[in-house]
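Everything numeric in this text was worked out from a predicted model, so none of it was measured. Below, chains carry the letters A, B, ... as their sequence lines are ordered, and counting in each starts from 1.
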There are 2 protein chains.
Amino acid sequence: MKRKTDEVKQSTPTERALDATDRRLLGVLVDDATVSYAELGERAALSAPAAHERVKRMRRSGVIRKTAALIDPDSVKKPLLSFVHIDTKGWGMTPDLMAISSHHEVEEIHSVAGDTSMLLKIRTENTRTLETLLSDLFKISGVEATRTYIVLSTYLERPVQPG
Amino acid sequence: MKRKTDEVKQSTPTERALDATDRRLLGVLVDDATVSYAELGERAALSAPAAHERVKRMRRSGVIRKTAALIDPDSVKKPLLSFVHIDTKGWGMTPDLMAISSHHEVEEIHSVAGDTSMLLKIRTENTRTLETLLSDLFKISGVEATRTYIVLSTYLERPVQPG
DNA sequence: CATGAAATTGGGTAAAT
DNA sequence: ATTTACCCAATTTCATG
C-alpha cells in the first residue's frame, strides 16, 4: 500500500473509515500501548504483521494522535484539579488568553456555548498556585469574571474511547 | 531481596521522590512514548538500560499510570464535546450515578465544590446522543437539574504535564 | 520466515550513605 | 560495608521486509 503525495490532513482524511477490526485494535491500544504486535494481533484476531500494518496506517492518518505516557498527577505534585469558567467581553479567544497555555498547569482550553464563554481545566499544586494563575487570568484584557469549581474527588477519568 | 524495616512514605506508597532525570524522562514520554530506550536515554543523558530501569520503576510505582494510544475524537465519531454540571439532592455520588461510567461517551466524573455537585465530561456523536444520555441522567434518583456547556472549539487539550 | 533492531538481563564499577 | 545507579556487553525478543 503506497500513498505518495498525500500529507494533507484536512477535515476529510484521505483514508477510509474504521472497521470493526480497527476498533478492536484501538480498544487494546487505548488501554495499553506497550503490548507487542504479536499480542495485539492475538487479541484482535489478526496476525502480527497485519496488526502492525493497520496501526501504522492509523498513525499516519491521524486516527491515533500519539501514544503517550499518562502520569499520576499526585506524583508530579498536582493534586488540585479545577475547572474555571471565564466570562469575557467580546470574543473570548484572544492571543493573550491563548498565551496561558504556556503554564503547564493548564490542560484544556475550550470555548463553550452557555452562560460563560471559556472553560479551562487546570491542575495545580495547591490553592495558592491556583490563585496565582487566576490572577494572571484577570490581567488579560477582556476577562470580566471567573467561576471556579474545585474538584473534590475524581471518580472517572479516561481518554477518548473507540467504542 | 530483603526488606527489613519499612521506610514507606505515607501518601507515596513505595518509592522515593522524582529527581530531575526522572522528570526529563517523563517529559519525553508524555510527548511520545514510542521512542526506543536508546533514544530516550540519549535525550535524557542516560544509557539505554539506565533509562529503561528508571522507566520500569516509575511504572511499578504508579508514577506512570499507563501508556496509551490517544485517539482523534472525530475519527471515532465523537465530534461533540460537552461538560455537564449536575445538581443533586443529598450526596451526589451514588452507585446509580457511578453506573453511567458504562457509557463510553462519559470520559470524566468529578465531584466539585461550588454551586453544583457533580461535573461530567461527555463526548458524543451529536446532540441527539447527548440528549439521550442526559435523559438517562435524569432517571437517576437524586439528580435534580443539569446545566450543559457545549464546546464550540477546543484550543488546548493535553495530558498531565510533568513540569 | 529471515534479518536487523530493539528490549532485556547480568556483570562489574564508581559514588553515596 | 552496604546500597544505589550506572555503563558495557551479551542474549533474547521483537519489528518488519
Candidates D:dC7, D:dA15, D:dA5 - which lies nearest the side chain of B:Leu46: D:dC7

For B:Asp19 and D:dT4, give me the distance from atom CG to atom P, rounded to whole Å. 14 Å

B:Leu40 CG to C:dT8 C1': how many Å, rounded? 15 Å

Starting the side chain at C-beta, find the nucleotide from C:dT9, D:dA5, C:dT8 nearest to B:Arg16. D:dA5

Would you check if the side chain of A:Lys78 reaches a backbone N or O of B:Gln161 as a donor-acceptor pair within less than 3.5 Å? yes

Going by heavy atoms in the side chains, are A:Leu156 and B:Lys121 under 4.5 Å from each other? no

Which whole-number value in Å describes the distance from B:Glu53 CD to D:dT4 P? 12 Å

Atom-pair distance (CD on A:Glu42; C1' on D:dT13), nearest Å: 16 Å

Strictly by modelled atom types, are A:Thr34 and B:Thr67 linked by a side-chain donor-acceptor pair under 3.5 Å? no

side-chain N/O B:His52 vs C:dT8 OP1/OP2, d < 4.0 Å: yes

Check every atom of D:dA5, C:dA7, C:dT9 against the side chain of B:Arg57 and return the nucleotide holding the closest atom. D:dA5

CD of A:Glu39 versus C1' of D:dC14: gap in Å, rounded? 13 Å

If you check every side-chain atom of A:Pro49, which of D:dG17, D:dA5, D:dC7 has the closest atom? D:dG17

Closest to the B:Ser36 side chain: C:dA6, D:dA5, C:dT9? C:dA6

Shared hydrophobic cluster, B:Leu80 / A:Leu119 (ILVMFWY, side-chain heavy atoms < 4.5 Å): no

B:Phe138-B:Ile109 co-clustered via ILVMFWY side chain contacts under 4.5 Å: yes

In whole Å, I'd like the distance from the OH atom of A:Tyr37 to the P atom of C:dA5. 17 Å

Rounded off to whole Å, could you give me the CZ-to-C1' distance for the B:Arg59 and C:dA7 pair? 12 Å

What is the distance from CZ of B:Arg54 to P of C:dA7, rounded to the nearest Å? 18 Å

